[in-house]
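In what follows, a single structure is set out as structure tokens and then discussed.
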Amino acid sequence: MKHEEVVAALKKIAEKGVAGDISKDDLQELKSYNLIDFVEPDSKSKKQTIILTKKGRVMLKSNLK
């Protein structure tokens with residue numbers, strides 16, 4: 001992924017909390033960079049939520065200015 005694609009993906013995840021149209025390979029790449037983390041669903045919700053890690057939030061904030 002290019003830098004612009006990473007920032008766009010982080011922005012989409014921060015807004016919605018789901019991957020949307022981001023591929024599984026790209027999600028694994030973001031996970032390997034410690035930019036996102038997966039939250040397992042509890043008994044009420046069945047969807048897996050994606051959250052930004054501290055590193056991901058800092059990267060997103062610094063690139064949106």
Side-chain angles (χ1 to χ4, degrees):
M1 293 178 77
K2 294 182 180 181
H3 180 74
E4 295 83 21
E5 294 170 340
V6 170
V7 173
L10 290 176
K11 184 176 179 182
K12 187 177 293 186
I13 291 170
E15 290 173 352
K16 298 181 181 180
V18 293
D21 60 347
I22 303 170
S23 71
K24 289 186 179 188
D25 292 334
D26 290 343
L27 287 174
Q28 289 303 321
E29 188 175 350
L30 292 173
K31 174 95 170 129
S32 70
Y33 294 141
N34 293 326
L35 298 175
I36 62 171
D37 198 14
F38 299 105
V39 177
E40 294 301 321
D42 55 355
S43 60
K44 294 179 183 178
S45 64
K46 296 182 180 180
K47 292 185 178 180
Q48 185 179 35
T49 307
I50 304 171
I51 59 171
L52 297 179
T53 61
K54 183 176 181 178
K55 185 177 177 181
R57 289 190 306 268
V58 169
M59 182 177 179
L60 180 62
K61 186 176 180 179
S62 67
N63 284 288
L64 289 180
K65 290 184 177 182

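Note that the structure is predicted; figures quoted are calculated from it, not measured.
- Applying the side-chain contact (heavy atoms from CB on, under 4.5 Å) rule to Phe38 yields the partners Leu27, Gln28, Lys31, Ile36, Gln48, Ile50; only residues at least two apart in sequence or on another chain are considered.
- Within the structure, the salt bridge (charged side-chain N to carboxylate O under 4.0 Å, His left out) test picks out no pair touching residues 48-57 (sequence neighbours left out).
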Show every donor-acceptor pair shorter than 3.5 Å between a side-chain atom in residues 15-24 and any protein atom, with sequence neighbours excluded, or say none if there are none.
from: Asp21; atom 1: OD1; to: Lys12; atom 2: NZ; distance (Å): 2.7
from: Ser23; atom 1: OG; to: Asp26; atom 2: N; distance (Å): 3.2
from: Ser23; atom 1: OG; to: Asp26; atom 2: OD2; distance (Å): 3.2

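- The heavy-atom pair separating Leu10 from Gly56 by the smallest distance is CD1-O, 4.0 Å.
- Residues Leu64 and Val58 do not share a hydrophobic cluster, defined by chaining ILVMFWY side chains whose heavy atoms lie under 4.5 Å apart.
- In this structure, the separation between CG on Asn63 and NZ on Lys11 is 11.5 Å, given to the nearest 0.5 Å.
- The side-chain hydrogen bond (donor to acceptor under 3.5 Å, both in side chains) search around Asn34 returns none, not counting sequence neighbours.
- Here the closest non-hydrogen pair linking Glu5 and Met1 is OE1-CA, 3.4 Å.
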